Each structure stands twice: as structure tokens, then as C-alpha cells.
Protein chains: 4
Amino acid sequence: MGSTAQPRRGGDTRQRIQDVALELFAEQGYEKTSLREIAEHLDVTKAALYYHFKTKEDIVISLFQDLARPVDELIAWGESQPQTLEVKKEVLRRYSDSLAAAAPLFRFMQENQATMRDLSVGETFKSRMLRLLELLQQPEGTMSDRVRCFTAIFTMHAGMLALRDVEGDPEEKQEAILEVATDLMVRSQGVTE
Amino acid sequence: MGSTAQPRRGGDTRQRIQDVALELFAEQGYEKTSLREIAEHLDVTKAALYYHFKTKEDIVISLFQDLARPVDELIAWGESQPQTLEVKKEVLRRYSDSLAAAAPLFRFMQENQATMRDLSVGETFKSRMLRLLELLQQPEGTMSDRVRCFTAIFTMHAGMLALRDVEGDPEEKQEAILEVATDLMVRSQGVTE
Amino acid sequence: MGSTAQPRRGGDTRQRIQDVALELFAEQGYEKTSLREIAEHLDVTKAALYYHFKTKEDIVISLFQDLARPVDELIAWGESQPQTLEVKKEVLRRYSDSLAAAAPLFRFMQENQATMRDLSVGETFKSRMLRLLELLQQPEGTMSDRVRCFTAIFTMHAGMLALRDVEGDPEEKQEAILEVATDLMVRSQGVTE
Amino acid sequence: MGSTAQPRRGGDTRQRIQDVALELFAEQGYEKTSLREIAEHLDVTKAALYYHFKTKEDIVISLFQDLARPVDELIAWGESQPQTLEVKKEVLRRYSDSLAAAAPLFRFMQENQATMRDLSVGETFKSRMLRLLELLQQPEGTMSDRVRCFTAIFTMHAGMLALRDVEGDPEEKQEAILEVATDLMVRSQGVTE
DNA sequence: CATGAATGAGGATTCATTCAT
DNA sequence: TATGAATGAATCCTCATTCAT
């Protein structure tokens, strides 16, 4: 179903597999997407997929490697900065952008957590979240503060998918989400001035 | 957990299927839990499951029917009340309780959204969420207000599972979550008053 | 392809699977015999095989369990007897019978040793051989004696298959083999007498 | 085993394929050794193997051609000699050496007989064995004599592998085996002399 | 109320092989 | 000499489901 019937020559097959896989994984879930299906969408044989990826899980892993880098860099940056409010705001701002850029992947993650859990890459992801949290939290915060902080991050994740089928302009939504998240984070920093 | 090891004779098989199924679905996900597995946990044959439920999906549906009722009642109650702040707070309070009571089911839902989506019961659930949102929202709120409101609900869902592997006393956590959620909702009601 | 087209009713399927499997394994080797092939020979689905055996290897294991028992009993008997020459001769005699009774299985083993090696049941089998050897050997025999003894056993194994496509009446062959084996064993018992 | 780690440039690839293939075939069996595996061990692509050998079976055939020659020469020599006892002993002695020299190949054959059977080269091998037997046998021997003779040869084959995981110095073992084999053969020559 | 036996469809994965470059 | 990319056929195995008993 490409524009022409002949196999596109060029070294792009690996990339195309990733694209289609992400699309289908996000749409139908990991388990319900078979390699046959992916192959058919690409007009290739299942075996061709195995030339490029050792296993189905490997495809997911590769997806994460490509798209988690921005977050890793963000965390690294955050950890190298002083823990000021301004830095924390910037972290959220950048995180918002990362999420927007990798929207389908994050949607996939959010909607397939049960699967993620035993997908090896899951642990990796969870630990990233924890480091992000650390970046934002006050060490001696109350439980509510911690919840606020964690909600700040989670709001963005949830926003990615739950607001999809709500009204409004995407950019506006993203901004609103960031605003709420920032607000939550700020309020979690304790009564201090 | 019968007093002796022998299979309980009596009409509780259906219930036991639901219990085990919920446990396994929540733990491993819907697709990765096979009827064989459920049957084995119960020391019954797969065929026995089919005596009690027409299909695998039917088990999930029955789970929802039992556990969604409280939420339905909550929504009905909310819709019958005036839209005061106090009522809205009460809605959140009760919703928090419902979630706590049905924790495994909600965890299951949260972690298997991709699956839920084509499980017929999915739509049902989304619409419930929307009615709940409606209950809390100001009609003419800004986008940020809407996000806040929606985050209030989502915080509770997320808290269910994400705080599981964080520190602290469960009850304290639940309260903190409710507090943050209420706060978010209150702040979404506009500058008024 | 049974005499009639309808599925034979009766609890014999498991047995029939074993029969056909053994036949095909012996004829073509383990790896080259697919479950599809076995199923086709039985006019059943592959899935039916999995109802009766958890895995392909399980079929082999079951084959061994049924047929190794005589050998186990023989070893047990031998170990309970005094180590006289007469007993040792009897051991060989009985072993010869066991082999004749389980000829196809032993042929299978002999011809698929590479496969046996990682078939879990292989170890089991090797250890049986060693105990059998122990039964026949003089503790302080020379190396040649040990080789003779071991050859006595091996002759029988080899005879099973190698003499198949050589001339002569089966019974006569079996007897000749037993004679040679016994002779070898006797000569291995040291200069004594 | 090149002095450095870099791939040996030079025309020895074909040889290296044979070496690695034989090693893996002997270790794991023919069917369980994939061309991918062989290629990986050599740090080459599968396609490279196909430059040197038309097919997987071709590799085995080439292995046999290289290593069966000594046996062929031995047989030819034997057939050109008078059928004296001394010649027969010499045949066994030389055969023992051939086996020792080509141990892995013979181990491979012994352990993969089922596979050999439809590997085209199988027949060839069996016929060699028969000619060898002819060389040693008395035409009018009894069945026991024939068995003895055949056991003489088989002892050596079996010794190759079965004594591997028994005790003792390899050379000593080989000698013991040859001694027993010779003894068997001698005893098969009839009461005469 | 439940089992024993089976099915059909489909899953991921692996293999020997090919061919243009 | 070799590789990169791909294929087609087959593999073992699992699943939800059915039905006579």
C-alpha cells in the first residue's frame, strides 16, 4: 500500500519499522499488535523485521532509546544546576516539550503500563521518573507536598492522552497543562518565600 | 482460604473466579493472563470457567458491574445536588473512598487502558469520567481551570498505583492525595467568591 | 487416514501419540520430526498433542518413563544380588531382553545422541548405563577389562540397529549378540580361576 | 588462533569454515547448529558461507571428503593384501589411528546417525563400513563370529565417545580399545590355526 | 456443576537460502 | 570476496472457545 508496489530502495526500512510499530503499538497496544500486522503495513515479510530487530521487545527498546534521550539529557542538566525554583520551572518546561515531541511513545507507555512492567525497559523508565521527582522535590516536604510534586509530573503524562479527546487547541492545552503543573510544583516547595 | 485444603463446595465458584481473575488481571495485565492460568489458580478446568462466564471479556465486564456501581451512585447523587463547592468536595471525598475500595480494579484499568479501549466496557468507563468531570467543572472556566479539574480526578487514579512503590502509610497517602485533589478542584472554581 | 474418517472414541489418544511419535522419531530423528507431522499421522490437530503433552520434549520423556522402567528394575535387582558371575550373566541376559522389547526406543537413542545430550532425559540415561557398568565390572580390573565390560553393553546397543540391515534371523542374531557380550564380560573378570 | 585478533586475510576462509562447522556440528549436532551460528563464530556473514559452499549439506560433505580419504586408502590397501591374520590386525591398527586422527568427525557421525541417514553422504559411509567388515570376516563364520567381527569395529567407534567421559589417559584408552577389538577379531576367525 | 478432549487461529521466532551490489 | 537486505516456509507453542458427557 505504498504509493508504488515496488520495494522502496534505501536504508530506511529500520526507521519505517519503528514508525509503523510505534503507531500500531500506540493505537492497539503492544500485545495486540502482532509482527505480522507490522510487516503487512510495510509490505515486507515478518522475517524482514527480524533482520532489523532481534525480537519484538527489541523494537520497543529501540523506540525508547531514540526518544528517552531528551529526557536523560534534561535530567542530567537539572542535576548539574542549583536547585532553585527557576531551574525547577525550566525542568518542567523542557519536560513538557519532550513529552510533546514524543507524544505517541508516551501515550503508548501510559496505556500499556501492565505490559511495560515486564518489558525490561520499564524499570529504566521508572527510575528516570524518580530522578525527575528528586529534582523537583523539597527534601523535607510534607506528604502533601510530595503528592503535589508527583502530581505535577503526572499531570503532564495524563494530559498527553486524556485531553486528546477533549476540546480545544493542542498548543493551548499544552500550555494550560504546563501552567497547572508549574503551579503545583511551586506550591509544593513549602511555605517559605 | 477455606478452612481446609479441599475445594469449597458451594455456590461461591463464580465469586472465586472473579477474585482470582481480578488479582491476576491487575498483576499481569488482561492479555497476559490466560484462562488456563485462572483455572489453575482455582484448581478447576478451563471449561468450568465457561460454565460461569460466557467469555473472557465477560469476566471483566462482571468485575466492572460489581465495582462501578458505587461510582454510578456517586454520580447520580452528585447530579441530584446543587453544584455548590461543598457538594463538589463531598464528591471528591466519596470518589476517593470508592477508589480505595476498588483499588485493584482501578489499578487494572489504569494499567490496561490500551486493552480497555476495545473491551466494550471501556466507553462506558470514559463516559463515567466525563460525567464526573462535568460535576466538578465551572461551565465558563478557563482552559487552566479545566485542566486543574481534570487533574484533580486523575491525581487520585495515579495515586492508586504510583504511590504504591513510594514511601509512607497508606491512609496518610490517601488523605494527602485527597487534599491535593480538593485543593486543585477548589482553585479551578474561578476567582469568584 | 485411519480405517474410518471419524475420530476414534476412547481414551487411547495419548497412547497413540506415543506410538506414532516413537515411530517417527526413530525413523527420522527427533529434530526432523515435527509435531505437525505427528498430528497429521493421527488425524488430529497439533493443539491436541499439547493437550496430552506439555511440550515436544515431554513426549520423549514419557516414552522413556514407560520403557526405562524394566532397566531400572533390572539394575535394582542386580544391585541387590551378590556380585557373582552367574548374576552378571543374568543381568546381561535380562538386559538383552529389555533392549529387544524396547528396540525402537533404543534405536532412537542410539541414533540421536547429539539430541539426547540436551534433552534432560539424557543425563538420566547415562547414569543408568554407569550403574549397569558398575554391576558388571571388577573393581580392580585393568583398562582392557574395563573396555571389555563396557563393550559388552555397547555391543548390545549397537546390535540393535547395525545388525538390522545385516542378514539373518532376528532371534538368532539376538542370541549371538548376547553370547558375544557375555563372553566379553566373562573375559573381563580377571585372570582368576 | 591468528597472532592478532583481526580477521585473517588470506585464502583460508574455506578451511576456517570447515573447522568451525565441524566443531559445532560435533558439539551440538547438525540440525541444532545453524549457519548463523557458524558465521558468527567466524565473524562473517551467512552470505559469505554461501560463497564457499553451495549449501549446508555441502559443508558436511566437504568434511567427509577430507577425512574419509584415509579410510578409503586403508580399505584399498586391505583389499590388495592377502587375507592373513596379520593383515587384519594391521587393518584394525590403522583404522584405530584414522579414527583418532578424525575423532571429532567420527564423534559427529556417531551422534548424528539419524541425520546422516538422509544426508546423501550416509550411504557412502555405511558401504565403507561393510567393505571394512568384509576385510575382517571369515566367509563361512558362524553368526557369533560375524557379531564378534562387527563388534570389533564398533568398539572403536563407541570408544571414541563413550570413553571420553570415563577415566584415564587417552593413549592408554586407545590402546586398550585396540587390544580388545583385535582380540575380538582374532576370536572370530574360527577355531582353526 | 463440571470435566476431558479437542479445535482453529494465531503468536513469536528461526532457518536455509538468494541476489543485487 | 564478501555483505546487506530480504524471503518463504517451517518451527514450537498458546489461546479462547466448544461440546459431548
Side-chain angles (χ1 to χ4, degrees), chain A residues 7-14 17 31-39 42-59, chain B residues 7 9-14 31-39 42-59, chain C residues 7-14 17 31-39 42-59, chain D residues 7 9-14 31-39 42-59:
Chain A
R8 308 193 201 159
R9 293 272 151 235
D12 61 342
T13 305
R14 195 190 145 95
I17 294 175
E31 343 260 355
K32 308 235 307 181
T33 302
S34 70
L35 293 187
R36 178 182 52 67
E37 212 175 350
I38 297 179
L42 290 165
D43 254 315
V44 216
T45 6
K46 272 180 289 169
L49 304 186
Y50 279 93
Y51 176 76
H52 294 280
F53 297 94
K54 259 202 344 254
T55 126
K56 190 184 179 185
E57 184 171 351
D58 248 48
I59 301 183
Chain B
R9 295 271 151 237
D12 61 344
T13 304
R14 194 189 146 93
E31 343 262 352
K32 308 232 308 181
T33 303
S34 69
L35 293 186
R36 176 177 56 66
E37 212 175 349
I38 296 178
L42 289 165
D43 255 312
V44 212
T45 2
K46 267 181 295 172
L49 304 185
Y50 279 89
Y51 178 81
H52 294 282
F53 297 94
K54 249 185 23 225
T55 161
K56 190 185 180 186
E57 186 172 348
D58 252 46
I59 301 183
Chain C
R8 307 190 200 160
R9 294 273 149 234
D12 62 342
T13 305
R14 194 190 146 95
I17 294 175
E31 343 261 354
K32 308 236 308 180
T33 303
S34 71
L35 294 188
R36 177 181 52 68
E37 210 174 350
I38 297 179
L42 290 165
D43 254 313
V44 216
T45 4
K46 271 178 287 167
L49 304 186
Y50 280 94
Y51 176 77
H52 294 281
F53 298 94
K54 260 203 343 257
T55 108
K56 189 184 180 186
E57 184 171 350
D58 248 47
I59 301 182
Chain D
R9 294 274 151 234
D12 61 345
T13 303
R14 194 189 146 94
E31 345 259 355
K32 308 233 307 183
T33 302
S34 71
L35 294 188
R36 176 179 55 65
E37 211 174 348
I38 296 178
L42 289 166
D43 254 314
V44 212
T45 2
K46 267 181 292 171
L49 304 184
Y50 278 90
Y51 178 81
H52 294 281
F53 296 93
K54 246 184 28 223
T55 158
K56 189 184 181 187
E57 186 171 347
D58 251 46
I59 300 182

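Within every chain, numbering begins at 1; the chains are lettered A, B, ... in the order of the sequence lines, protein sequences first and strands thereafter. Note that the structure is a prediction, hence the values are computed from the model and not measured. Values below: every heavy atom of this structure, side chains too, minus hydrogens, waters and symmetry copies.
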**Study point:** Complementary nucleotide for E/dT21 - Watson-Crick or wobble, under 3.5 Å
**Key:** F/dA2
Check your understanding: In whole angstroms, how far is the P atom of E/dT18 from the NZ atom of D/Lys56?
Key -> 15 Å
Point to revise | Protein-nucleotide distance (D/Lys54, atom NZ; E/dC19, atom C1'), rounded to Å | key: 17 Å
Review point. Between A/Thr55 and E/dA12, does any side-chain N or O lie under 4.0 Å from OP1 or OP2?
Key: no
Exercise for review: Starting at atom CD of C/Glu57, determine the distance to atom P of F/dT11, rounded to an integer number of angstrom.
Suggested key: 18 Å
Check your understanding: With distance as the sole test, does C/Thr55 use its side chain to make a donor-acceptor pair with the main-chain N or O of C/Glu57 at under 3.5 Å?
Key -> yes
Practice item. Give a yes/no answer on whether the side chain of B/Ser34 brings an N or O atom under 4.0 Å of OP1 or OP2 in F/dC15. Key: yes
Review point. Do the non-hydrogen side-chain atoms of A/Leu49 and A/Leu42 ever get within less than 4.5 Å of each other?
Key: yes
Review point. Given atom CD1 of A/Ile38 and atom C1' of E/dT13, what is their separation to the nearest angstrom?
Key: 14 Å
Study note, to complete from the structure: Looking only at E/dG4, F/dA16, E/dG8, the nucleotide nearest the B/Lys46 side chain is F/dA16
Exercise for review: Please lay out, stage by stage, how C/Ile59 and C/Leu35 fare under the test side chain to side chain contact (heavy atoms under 4.5 Å, CB included).
Suggested key: CA-CA 10 Å; C/Ile59 301 182; C/Leu35 294 188; 4.2 Å; yes
Review point. Whole-Å distance between F/dC13 P and C/Phe53 CZ?
Key: 13 Å
Review point. Reckon B/Thr13 has a side-chain N or O less than 4.0 Å from the OP1 or OP2 of E/dA2?
Key: yes
Check your understanding: Counting just side-chain N and O atoms, does A/His52 come under 4.0 Å of either OP1 or OP2 of F/dG4?
Key -> no
**Study point:** Pairwise distance OG1(A/Thr45) to OH(A/Tyr51) - rounded to 0.5 angstrom
**Key:** 13.0 Å
Review point. Of C/Glu31 and D/Ala47, whose nearest nucleotide on DNA chain F comes first from the 5' end?
Key: D/Ala47
Review point. Whole Å only: how far is the OH atom of C/Tyr50 from the P atom of F/dA16?
Key: 17 Å
Exercise for review: Indicate whether OP1 or OP2 belonging to F/dT1 is found under 4.0 Å from a side-chain N or O atom of D/Tyr51.
Suggested key: no
Practice item. Check whether any side-chain N or O of A/Lys56 sits under 3.5 Å from a backbone N or O of A/Thr33 as a donor-acceptor pair, and report yes or no. Key: yes
Point to revise | Side-chain N,O (B/Arg36) to OP1/OP2 (F/dA16) below 4.0 Å | key: no
Point to revise | B/Glu37 vs A/Leu49, nearer the 5' end of DNA chain F by closest nucleotide | key: A/Leu49
Check your understanding: Starting at NZ of D/Lys32 and ending at C1' of E/dC15, how long is that distance when rounded to a whole Å?
Key -> 14 Å
Check your understanding: Could you give the CG-to-P distance, from C/Leu42 to E/dA6, as a whole number of Å?
Key -> 10 Å
Revision key, fill the gap. Walking DNA chain E from its 5' end, the first of D/Leu35 and C/Val44 to be reached, judged by nearest nucleotide, is C/Val44
